[in-house]
Amino acid sequence: MDISMATDYDAPRKTDDELSEDSIEELKSRRVDKRASSVDVDETEQAEGFELPGADLSGEELSVRVLPRQADEFTCSRCFLVHHRSQLASEKSGVLVCRECAA
């Protein structure tokens, strides 16, 4: 049974000269150089400094269609989320609790 690697036919082909240039030592040194050049950047700092060009969203309003609670839904008395009746864990004297809150 011959198991071979998949071939990427779209990748540019290397000549024999180029293949010999990629020695193990050269590849290892490239990998070490890449690690040394990476900078540990805090994502929150990077996100705070990022502004979309011309993005003044102060006057922006959301337009979301809100549906009223359906007949087969209930509002949990602990988390106040609307769930389907199949998520009802307990119902005692009108107090409805979902499965997540009951767990």
- Message: Apply the hydrophobic cluster definition, ILVMFWY joined by side-chain contacts under 4.5 Å directly or through others, and give me every member besides Leu88.
- Response: Phe74, Leu96
- Note on the structure: For Asp10, the side chain to side chain contact (heavy atoms under 4.5 Å, CB included) test, sequence neighbours excluded, returns Asp8
- Task: Check which hydrophobic residues are tied to Val66 through side-chain heavy-atom contacts below 4.5 Å, counting indirect links as well, and list them.
- Result: none
- Does the Arg85 side chain pair with the main chain of Ala71, one donor and one acceptor, at a distance under 3.5 Å? no
- Smallest heavy-atom separation, Glu73 atom then Gln70 atom, equals OE1-N, 3.0 Å
- What pair of heavy atoms forms the shortest contact from Cys76 to His83, and how long is it? CB-CD2, 4.1 Å
